[in-house]
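Here is the structure we will look at, set down as structure tokens.
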Amino acid sequence: FGNPVGLLTGMAEGVESFFKDPIEGVVEDPSLIGFAKGVRRGTKTLLGKTVVSTVGAAGKVTGTLGKGLAMLSMDDDFIRATNNANERAKKGH
């Protein structure tokens with residue numbers, strides 16, 4: 001089912017950054033501006049990691065579903081074409 005470890009790791013990194021970055025911001029600049037910069041950086045990381053992790057996991061799920069549906073079609077030409085397309089896509093990344 002997708003990549004649950006990658007999903008949880010990405011989200012955990014985002015949550016960690018969300019709390020850690022404001023503290024680092026105050027250490028770098030002990031004022032409200034330093035704190036605000038840290039909050040902005042932490043929020044950006046939290047949202048980015050969450051979105052990337054979720055999309056990555058969803059992409060793996062849809063890829064698995066596509067392979068299953070290709071097999072259910074019982075059309076050897078379609079299965080071969082799907083497998084070839086998947087291999088080309090893997091080489092492109």
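None of these values were measured; they are calculated from a predicted model.
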- [ ] Kindly give the cluster partners of Met11, where membership spreads through any ILVMFWY side chain lying under 4.5 Å from a current member.
- [x] Leu7
Task: Inter- and intrachain pairs under side-chain hydrogen bond (donor to acceptor under 3.5 Å, both in side chains), touching residues 23-33, at least two apart - done: Asp29-Ser31
Task: Set of side-chain contact (heavy atoms from CB on, under 4.5 Å) partners for Phe78, sequence neighbours left out - done: Ala70, Ser73, Asp75, Thr82
Open item on the list: According to side-chain hydrogen bond (donor to acceptor under 3.5 Å, both in side chains), who are the partners of Arg40, at least two apart in sequence or on a separate chain?
Closed with: none
Open item on the list: Run the side-chain hydrogen bond (donor to acceptor under 3.5 Å, both in side chains) test against Thr54 and tell me which residues pass, sequence neighbours left out.
Closed with: none
Under 3.5 Å, side-chain donor or acceptor atoms of residues 45-53 against the rest of the protein: list the pairs with distances, not counting sequence neighbours.
from	atom 1	to	atom 2	distance (Å)
Thr45	OG1	Arg41	O	3.0
Lys49	NZ	Glu13	OE1	2.8
Thr50	OG1	Leu46	O	2.7
Ser53	OG	Lys49	O	2.7

